[in-house]
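Below is one structure; the comments refer to it alone.
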Amino acid sequence: DLKTKKTKDEEIEEEPEEKRKLFKLVEQNGDITRLATLYDREDVKGKVTVSLGAPKIFEHKGIKIELIGVIENLKDKKDTTKFLSLTNELQGIGILTNESTSFDFNFPAVQKPYETYRGVMRNVRYYIKVTILTKFRNCEYEQEFAVIRPDFPDVLKQDNQPIKLEVGIEDWLHLVF
């Protein structure tokens with residue numbers, strides 16, 4: 001039984017909740033968001049299903065999927081830094097005739113340099129973006145996920161020697177590492 005996120009035209013299937021840890025984020029307005037959690041260098045994979053509703057012919061100029069990581073400046077929306085951008089083509093120019101068509105995707109061993117973060121000034125976000133290119137307008141859908149880096153706590157657990165700080169004669173500062 002797969003959990004699905006759905007819009008009018010496409011959906012992205014995730015692993016069942018009992019297999020995938022959910023990351024709890026508290027938004028600025030106090031809302032709580034739960035996102036599927038991935039780790040650094042873990043494969044990002046799943047299935048995209050394009051649903052036409054009723055059987056009909058749908059012409060497109062391609063279907064692509066992108067894995068994106070961004071740092072957003074909340075005070076200036078134009079100041080966004082994209083630090084991760086990978087693209088796969090799911091299907092080239094063609095026609096969809098089935099009521100529902102599925103495409104598997106995989107971004108293997110992706111390095112995710114930052115953890116998901118929601119702050120007062122900046123956000124760090126990761127998301128999958130599916131784009132169906134058409135003659136008149138593009139249909140886009142985004143699915144956000146969280147990234148945690150378990151290696152950070154390991155660094156903190158290391159046996160670090162304390163830093164000694166001594167103030168000497170005539171206000172000289174002496175640091176010993």
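Since we're looking at a predicted model, the values are computed, not measured.
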Could you tell me which residues satisfy side chain to side chain donor-acceptor pair (under 3.5 Å) with [X], sequence neighbours excluded, listed by chain and number?
{"X": "Thr33", "result": "Glu27"}
{"X": "Glu66", "result": "none"}
{"X": "Asp76", "result": "none"}
{"X": "Asn73", "result": "Asp79"}

Subject >> Derivation of the side chain to side chain contact (heavy atoms under 4.5 Å, CB included) call for Phe107 and Ile65 >> reply: CA-CA 10 Å; Phe107 295 99; Ile65 187 164; 4.0 Å; yes
Would you compute the distance between atom [atom1] of [X] and atom [atom2] of [Y] and round it to the nearest 0.5 angstrom?
{"X": "Glu99", "Y": "Leu52", "atom1": "CD", "atom2": "CG", "result": "8.0 Å"}
{"X": "Asp104", "Y": "Lys47", "atom1": "CG", "atom2": "NZ", "result": "5.5 Å"}
{"X": "Leu25", "Y": "Ile32", "atom1": "CG", "atom2": "CD1", "result": "10.0 Å"}

So do [Y] and [X] actually touch side chain to side chain, heavy atoms under 4.5 Å?
{"X": "Lys129", "Y": "Gln143", "result": "no"}
{"X": "Gln111", "Y": "Asp40", "result": "yes"}
{"X": "Thr116", "Y": "Val147", "result": "yes"}
{"X": "Lys112", "Y": "Arg41", "result": "no"}
{"X": "Asn123", "Y": "Leu74", "result": "yes"}
{"X": "Val110", "Y": "Asp43", "result": "no"}
{"X": "Phe105", "Y": "Leu67", "result": "no"}
{"X": "Val50", "Y": "Ile132", "result": "yes"}

Subject >> Sequence-distant partners of Lys135, side-chain contact (heavy atoms from CB on, under 4.5 Å), two or more places apart >> reply: Lys61
Subject >> Which residues share a side-chain contact (heavy atoms from CB on, under 4.5 Å) with Thr37, sequence neighbours left out >> reply: Lys21, Phe23, Ala146, Ile148
If I compare all heavy atoms of [X] with all of [Y], which pair ends up nearest, and what's the gap?
{"X": "Arg122", "Y": "Ile71", "result": "CD-CG2, 3.8 Å"}
{"X": "Asn138", "Y": "Leu133", "result": "OD1-CA, 3.4 Å"}
{"X": "Phe103", "Y": "Thr101", "result": "CZ-CG2, 3.7 Å"}

Atom pairs and distances, donor-acceptor, side-chain atoms in residues 80-93, under 3.5 Å, two or more places apart:
{"residue": "Thr80", "atom": "OG1", "partner": "Lys77", "partner atom": "O", "Å": "3.2"}
{"residue": "Asn88", "atom": "ND2", "partner": "Asn106", "partner atom": "O", "Å": "3.3"}
{"residue": "Gln91", "atom": "OE1", "partner": "His60", "partner atom": "NE2", "Å": "2.9"}

Subject >> Under 3.5 Å donor-acceptor, Tyr141 side chain and Ile128 backbone >> reply: no
Subject >> Full working for salt bridge (charged side-chain N to carboxylate O under 4.0 Å, His left out) between Glu144 and Arg118 >> reply: CA-CA 13 Å; Glu144 188 173 0; Arg118 293 288 199 274; 2.7 Å; yes
Original post:
Should side-chain heavy atoms under 4.5 Å link Ile, Leu, Val, Met, Phe, Trp and Tyr, which residues sit in the same cluster as Tyr127?
Top reply: Ile68, Val70
Original post:
Thinking salt bridges, do Lys78 and Glu72 make one under a 4.0 Å N-O criterion?
Top reply: no
**OP:** Please check if any side-chain donor atom of Thr49 sits under 3.5 Å from a side-chain acceptor atom of Ser100, or the reverse.
**Re:** no
